[in-house]
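Working notes, structure below.
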Amino acid sequence: MKKWQKWTAAIVVVAAVAGGTKAAGLWGGNPSTDKNTLNYALPADIQTLDISKSTDSYSNMILGNTESNLLRMNSKGEAAPDLAKSYKVSDDGKTYTVELRSGLKWSDGSKLTAKDVVYSWQRMVDPKTGSQYASLASGVLNADDIMAGKKAVSELGVSASGNTITFQLDHAMPQFKYLLSFPNFAPQKQTFVEKQGDKYGTTAAKQVYSGAYKFEDWNGTNGKFKMVKNDNYWDSKDVKTKTINWQVVKNADTALKLYKQGKIDRVSISNTPEMYSANKNKKDAKSAAVAAATYLEYNQDTNAFLKNKKIRQALNLATNRSELATQATGGTRDAAQSLVSKGLTETTSGKDLSDYVKPGYTYDKKKAQQLFKEGLAEVNQGKMKISLETDADSVISKNTVDYIKQAWESTFGSDIEVSEKIVPFKQRLKDSQSGDFDVVVTNWNGDYADGSTFYDLFASKDAGYNDGKFTNQTYFDAVKKADNTDATNASAREQDFKDAEKALMDDANINPLYSWKSTSLVRSNVKGAVENPVGLTLDLTYAHRK
Amino acid sequence: MARYILKRALILIITMWIVVTATFFLMQILPGTPYNNPKLTQSAIDQLNATYGLDKPVLVQYWDYLINLLHGDLGTSFQYQNQSVSTLIGQRLPISAQLGFQALVVGVLLGLWFGAVSARNQNKKLDGFLGVISTLGISTPSFILAIVLLFVFGYQLDWLPISGWGDSFSQTILPTLALAVTPMAITTRFVRSEMIEVLHSDYIQLARAKGIGEDQVIQKHAYRNSMIPILTLIGPLTAGLLTGSTLVENIFSIPGIGQQFVSSIPTKDYPVIMGTTIVYALMLMVMILITDILTAIVDPRVRLQ
């Protein structure tokens with residue numbers, strides 16, 4: 001027995017040493033009171049700091065807080081001057097003239113000039129860069145030809161003269177000002193980018209910063225890094241926070257526990273319905289609009305049943321959207337009232353665009369049954385058997401198809417048979433694009449705070465995102481009018497969007513399900529953070545602890 | 001001996017080539033593109049494919065990959081733009097290796113101790129208790145235990161940190177314990193049965209008959225002889241740790257290679273899938289080779305086979 005007593009003693013010593021490291025304060029106290037610092041968590045690794053090549057929202061969150069663009073979205077949802085002193089749009093909407101502030105500097109102290117802006121746009125559309133967001137620049141003079149390798153990058157319609165930058169567009173683009181606030185189009189310093197070569201943006205030191213903070217301590221793979229106030233930022237006098245500590249916390253439960261321990265200042269609770277319902281009534285819970293919508297696409301190209309308008313209308317009428325939002329998403333999303341998501345942007349009269357354009361989607365079981373019968377008789381192919389496809393991204397997607405299958409089957413009884421098809425994300429994307437589906441659940445994230453980011457999806461039968469390949473001339477005409485004749489007339493565009501929504505509902509070409517929002521627990525003593533529905537979702541430029 | 005090692009090394013190289021080839025062609029079956037942006041139109045995808053050389057025939061891509069691999073170039077990640085795969089793996093592997101090694105040491109040492117105690121107290125209460133512990137250890141997945149440990153010691157008691165890596169040793173304790181339980185349980189059971197067999201063998205009877213004290217008998221004769229078969233356990237245990245670490249790394253937000261491997265598959269990040277598979281396969285085979293060589297050194301009969 002002596003031997004195992006010795007061993008036990010050894011274990012006790014090890015445990016004591018472990019406990020000692022904690023007692024010695026290696027693990028810090030409660031950081032949620034330090035006025036100079038803020039603490040945040042990211043749910044995924046940063047992938048890159050290459051401004052032109054970043055695609056994920058977390059890398060963009062780091063870039064958006066450390067790099068400034070000409071404009072920055074303010075707390076009212078307006079694109080306000082950042083590096084730009086002012087900007088002018090010509091009467092035809094095709095020329096943007098931007099005046100830079102004088103004396104701008106990079107974090108390394110070198111001058112930030114109009115040429116850095118031009119270089120960034122050129123690098124973005126250069127096919128050699130291989131940027132996945134290059135197509136956002138489409139509409140700038142010659143951008144499409146440059147991307148296709150038909151013209152030289154120097155022919156891009158972006159030019160610099162002194163402190164002035166001129167953007168020439170093919171046609172009026174009301175949404176263009178939002179691109180001027182995107183992290184992906186922030187200025188880049190050519191000499192720096194070229195010096196770093198292949199390694200550009202792979203660590204915090206291999207990037208140079210123009211925003212309110214510099215980025216530090218990221219070696220390309222580690223999960224702990226920080227933002228430090230950039231004294232060379234033009235408005236650094238109004239930046240109150242000295243350090244923002246970041247850590248990657250992939251597990252949502254772990255993040256919630258860190259928040260409760262006071263170690264981070266914000267945690268998302270809308271990942272699962274369970275976490276949402278357990279925390280949504282806490283007084284520090286806060287919801288913000290997300291420019292994303294979920295809708296069903298009906299294959300109107302190959303499916304005989306779905307080609308029938310009455311059947312589509314019946315399916316839409318048999319969808320109880322508010323029940324879907326409470327039951328399938330647990331309240332983490334809001335019931336859809338239109339294709340465009342809630343809280344995307346406001347109309348000229350200050351109304352939420354979604355409220356303004358909503359065509360009046362309703363749930364009417366009787367009418368649905370009636371239309372379905374008539375539709376089935378018209379198609380005359382017996383029982384309707386369809387598959388309902390979604391990707392296995394989240395528990396909410398699975399709940400959604402479960403709910404819809406049950407809703408339709410209970411409404412139409414033995415006349416319909418719905419089979420679920422749950423596949424990996426990339427497979428779903430492939431099936432959508434190749435038209436290999438009957439009904440598919442589609443999530444769309446808007447690119448900018450303008451209705452066209454949704455309405456352009458189905459601009460024509462062959463538009464890239466019209467997976468159901470529907471033809472709805474009234475809708476096409478309304479969208480065309482908004483993008484062309486009414487491009488410089490905001491209130492007329494709003495009416496066009498309203499017409500488009502109505503045409504979409506009348507023909508039941510798609511079935512809007514829910515509008516996204518993000519709900520987080522937010523430390524009450526942190527003020528000044530801006531949450532945007534699109535682009536930089538969390539802007540900490542002026543965030544500070546009271 | 002040298003010939004034996006040479007032969008084994010040759011087999012290792014051939015196996016690696018098969019792994020590389022199989023992974024490369026299996027990857028082609030994965031749907032979609034390696035690009036993050038789901039909004040890319042077909043023409044944009046075609047342009048990107050041309051930029052990244054994915055428009056070439058598969059056999060050409062395979063050949064290029066093999067040539068680059070022989071030059072030690074694992075390519076550049078699609079998800080982690082501009083990041084070379086060797087850097088990604090080079091920075092993440094040591095973390096996973098440290099975690100795995102700590103878990104292996106803790107697990108095997110505890111297992112040796114528990115197993116020996118069990119065997120010496122065969123069919124007594126202590127043996128029964130340790131039997132329950134090891135059965136639980138084998139049947140509880142490490143990620144479940146990780147969550148329990150995190151909740152109890154990290155959150156309720158707040159003794160130990162619950163996420164991160166590299167700031168302090170205390171961060172490694174909970175994940176190490178979570179991972180150590182399976183090797184601990186397997187080793188316990190293995191050592192127990194080996195010890196019981198050895199304790200009943202003739203030479204132990206002889207040693208006792210000579211009047212050597214029981215402690216001496218255990219340490220000098222029983223332990224050493226029951227140790228040899230345990231060497232063969234190290235290989236499979238390493239394999240278990242490599243795969244088990246993935247979820248534990250996720251729960252404790254450890255920037256290791258397991259997480260990287262898993263996330264590269266749904267995103268179809270070809271170079272990372274290839275790179276991590278190669279590294280995993282190589283590590284496993286080297287571990288098995290080392291165990292085989294050690295066994296051959298300890299037990300000359302193995303070489304004759």
Side-chain angles (χ1 to χ4, degrees), chain A residues 2-4 7 18-19 21-22 26-27 41 44-48 50 53-56 127-135 147-149 198-202 219-224 247-251 253-255 257-258 260-261 423-427 429-431 433 444-445 447 464-465, chain B residues 30-33 35-44 47-48 50-52 76-77 79-84 87-88 91-92 113 116-117 147 150-151 154-155 158-171 173 215 218-219 249-255 259-260 263 266-268:
Chain A
K2 264 190 206 153
K3 187 162 181 116
W4 79 263
W7 273 100
T21 55
K22 184 208 168 324
L26 286 175
W27 178 230
D45 291 318
I46 305 178
Q47 298 184 339
T48 187
D50 184 328
K53 288 163 95 172
S54 158
T55 52
D56 67 299
K128 279 192 218 114
T129 308
S131 166
Q132 297 180 36
Y133 276 163
S135 56
M147 287 183 254
D198 284 351
K199 299 284 159 202
Y200 171 62
T202 55
N219 72 5
T221 53
N222 61 334
K224 207 167 176 199
Q247 55 180 314
V248 176
V249 183
K250 289 174 182 162
N251 187 284
D253 291 303
T254 312
K257 291 183 178 92
L258 287 171
K260 288 182 177 170
Q261 288 177 336
V423 296
F425 176 71
K426 298 246 166 179
Q427 180 69 45
L429 204 60
K430 195 180 158 204
D431 292 346
Q433 282 164 354
W444 180 258
N445 285 274
D447 287 322
Y465 311 104
Chain B
L30 288 173
T33 68
Y35 309 119
N36 270 343
N37 181 1
K39 298 176 182 177
L40 291 172
T41 54
Q42 194 53 50
S43 65
Q47 279 170 22
L48 286 168
T51 304
Y52 293 106
T76 307
S77 166
Q79 300 301 308
Y80 297 78
Q81 287 89 352
N82 301 359
Q83 209 76 261
S84 76
T87 312
L88 280 177
Q91 287 180 346
R92 287 170 183 270
W113 177 38
V117 170
I147 292 172
L150 185 140
F151 185 72
Y155 183 57
D158 195 12
W159 285 358
L160 290 162
I162 58 180
S163 85
W165 188 268
D167 301 321
S168 68
F169 178 73
S170 58
Q171 283 176 323
I173 296 175
D215 275 353
I218 299 283
Q219 276 168 24
E249 281 175 11
N250 185 19
I251 290 166
F252 290 99
S253 307
I254 296 167
Q259 185 59 28
Q260 178 88 64
S263 68
T267 52
K268 209 179 174 183

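So that the names make sense, note that chain A is the first sequence line, chain B the second, and so on, each numbered from 1.
- Side-chain contact check for A:Trp444 versus B:Lys39: some heavy-atom pair is nearer than 4.5 Å.
- At a 4.5 Å heavy-atom cutoff, the contact between B:Tyr35 and chain A is made by backbone and side-chain atoms alike.
- Across A:Lys260, A:Gln433, A:Lys430, the residue that shares the most heavy-atom pairs under 4.5 angstrom with chain B is A:Lys260.
- Between chain B and the options A:Asp45, A:Asp56, A:Asn222, heavy-atom pairs under 4.5 Å are most frequent for A:Asp45.
- Interface residue A:Asp447: backbone and side-chain heavy atoms are both found under 4.5 Å from chain B.
- Both the backbone and the side chain of B:Leu40 come within less than 4.5 Å of a heavy atom of chain A.
- Each of B:Thr76, B:Leu30, B:Thr267, B:Thr87 has some count of heavy-atom pairs under 4.5 Å with chain A, and the biggest count is that of B:Thr267.
- Heavy atoms closer than 4.5 Å to chain B are found in the backbone of A:Val248, but not in its side chain.
- Contacts between A:Ala148 and chain B at a heavy-atom distance below 4.5 Å involve backbone atoms as well as side-chain atoms.
- Looking at B:Glu249, its side chain never comes within 3.5 Å of a backbone N or O of B:Pro255 through a donor-acceptor pair.
- Interface residue A:Phe425: only side-chain heavy atoms are found under 4.5 Å from chain B.
- With a 4.5 angstrom heavy-atom cutoff, A:Asn445 touches chain B via backbone and side-chain atoms both.
- Judged purely by distance below 3.5 Å, without hydrogens or angles, the side chains of B:Ser253 and A:Gln247 never pair a donor atom with an acceptor atom.
- For B:Gln47, the part lying near chain A is the side chain, with the backbone staying farther off; criterion is any non-hydrogen pair under 4.5 Å.
- Contacts of B:Ile251 with chain A are made by both backbone and side-chain atoms, with heavy-atom separations under 4.5 Å.
- Interface summary for chain B: among A:Thr202, A:Thr254, A:Asn251, the most heavy-atom pairs under 4.5 angstrom belong to A:Thr202.
- In this structure, chain A has heavy atoms under 4.5 Å from both the backbone and the side chain of B:Pro38.
- Of all heavy-atom pairs spanning B:Tyr80 and B:Gln260, the tightest one is CE1-NE2, 3.3 Å.
- A:Thr221 touches chain B through backbone and side chain together, each having a heavy atom under 4.5 Å away.
- With 3.5 Å as the limit, one finds a donor-acceptor pair spanning the side chains of B:Asn36 and A:Gln47.
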